[in-house]
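Heavy-atom basis, side chains included; hydrogens, waters and symmetry copies ignored. Keep in mind that what you see is a predicted model, and the values were worked out from it rather than measured.
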Amino acid sequence: MGSARARIAIDAMGGDHAPAEIVAGALRAREELDVEVLLVGDSSQIEAALGQQANSFPIEIVPSEGTIEMHEEPLSGIKRKPKASINVAMDLVKQKRADAVVSAGHSGAAMAAALLRLGRLKGIDRPAIGAVLPTILADKSVLLLDVGANVDCRPKFLEQFAVMGSIYSQYVLGVAEPKVGLLNIGEEPGKGNDLAIRTHQMLEQNQKISFVGNAEGRDILSGNFDVVVCDGFAGNVLLKFAEAVGEVMLQILKEELPQGLHGFMGVALLKPNLKRIKQRVDHAEHGGGLLLGVAGICIISHGSSQAPSIFNAIRLAKEAIDHQVLERISSNYHQPAAPAAEVE
């Protein structure tokens, strides 16, 4: 691509605060992460958001026409609007002009565009969105997937999520031997619905992962698991609940700590600690979720993302590129073909 630096295509028109906050996050990433960013969207709006900063940091603008609105059905929307910003961004990856895509727009449209334009990795039946959550242990996180790509799942889908999640946890999050858990309503192997029971059996037999058993809701943030797999319905509910709990906790701290003279003095003394608390529980610090299983690096950010979230989403994309996540997942499924006589 003519440059050793990662090139990230940003859907500048996606999200509640586009394009101003998207552009601001991209500018910060351009400066601090040493990446090249391609801003995809309406040229005039992007240029207005860039303002005088465009002279300081040369950024390529790739024009597009329209966006997929939140009320639109994803598949019909991306087919009806081939030049929409998310489609153009995905095409940049397909054409090898970019290494990854970041979007805070319609998540369903982003997944549909990725599947149609980039396709699935060989051996993967369904992609999954992985979200990194904090745990009770400092400097340790847990990867939860799927958090919204697949409302209904089969056991083999969850097994594939476990393998992909383990690879991501090992090479990007730095966990030597990721411990995998299956979301369930009890610890015993026989607990749960048919999907949970059948998936438990498959995960136990899979030699490519370190499966340690069922994870109840209270266990997810305990630090005892590095990867937790579930269907996208349960995962999405969990993710949004966890984000809400973090926001409530931060709001309570803001309201209660400054009460009275001692409170104001305490806040001043605890400022560094409070900053670290925010970094651990604020979902903006994690940037979004990686769409694992498609033939390209795609980060799906929150629709409410502002500049810090976009910056962290670009950081996630760069880490996935640097650690060759796609190549590692692909190599896991590229097994030698069986002799013709043995193929059933």
Next on the checklist: Take a 6.0 Å sphere around CG of Asp152 and say whether it holds more than 12 heavy atoms from other residues, nucleotides or ligands.
Outcome noted: no

Checklist entry - Just by distance, with hydrogens left out, do Ser330 and Glu327 show a side-chain donor and acceptor under 3.5 Å apart? => result no

Checklist entry - Between the side chains of Glu69 and Thr67, does any donor sit under 3.5 Å from an acceptor? => result yes

Next on the checklist: Restricting to side-chain contact (heavy atoms from CB on, under 4.5 Å), what partner residues turn up for Glu216, sequence neighbours left out?
Outcome noted: Glu187, Arg218, Asp219

Next on the checklist: Please check this pair: side chain of Thr135 against backbone of Lys140, looking for a donor-acceptor N/O pair closer than 3.5 Å.
Outcome noted: yes

Next on the checklist: Within the 3.5 Å criterion, strictly below it, is a donor on Ser85 or Asp11 matched to an acceptor on the partner's side chain?
Outcome noted: yes

Checklist entry - Any side-chain donor paired with an acceptor under 3.5 Å for Asn87 and Lys83? => result no

Checklist entry - Centroid-to-centroid, His200 to Phe211, below 6.0 Å? => result yes

Checklist entry - Is a side-chain donor or acceptor of Thr199 paired with a backbone partner of Ala196 at a separation under 3.5 angstrom? => result no

Checklist outcome for this item: When every non-hydrogen atom of Ala320 is compared with those of Ile297, the smallest separation belongs to CB-CD1, 3.8 Å

Checklist entry - Do you know the tightest heavy-atom contact between Gly148 and Asn236? => result CA-ND2, 4.1 Å

Item to check | Closest non-hydrogen atom pair between Ala128 and Asn150, with its separation | outcome: CA-ND2, 4.3 Å

Checklist entry - Can you find a pair of side-chain heavy atoms, one from Met90 and one from Cys298, that are under 4.5 Å apart? => result yes

Checklist entry - Side chains of Asn214 and Glu188: is there a donor and an acceptor less than 3.5 Å apart? => result no

Item to check | Heavy-atom side-chain contact between Val102 and Leu316 under 4.5 Å | outcome: no

Next on the checklist: Among residues at least two apart in sequence or on other chains, which ones pass side-chain contact (heavy atoms from CB on, under 4.5 Å) with Asp16?
Outcome noted: Ser304

Next on the checklist: Testing the basics here: between Leu203 and Glu159, what is the closest heavy-atom pair and its distance to 0.1 Å?
Outcome noted: CD2-CA, 3.8 Å

Checklist outcome for this item: Note: Ala6 and Ile321 closest approach over all heavy atoms is CB-CD1, 3.9 Å

Next on the checklist: Tell me whether Asp146 contacts the main-chain N or O of Ile129 through its side chain, where contact means a donor paired with an acceptor under 3.5 Å.
Outcome noted: yes

Checklist entry - Which value, rounded to the nearest 0.5 Å, describes the distance between Leu121 atom CG and Gln160 atom CD? => result 10.5 Å

Item to check | side chain to side chain donor-acceptor pair (under 3.5 Å) assessment of Ser76 paired with Glu73 | outcome: CA-CA 6 Å; Ser76 62; Glu73 196 280 324; 3.1 Å; yes

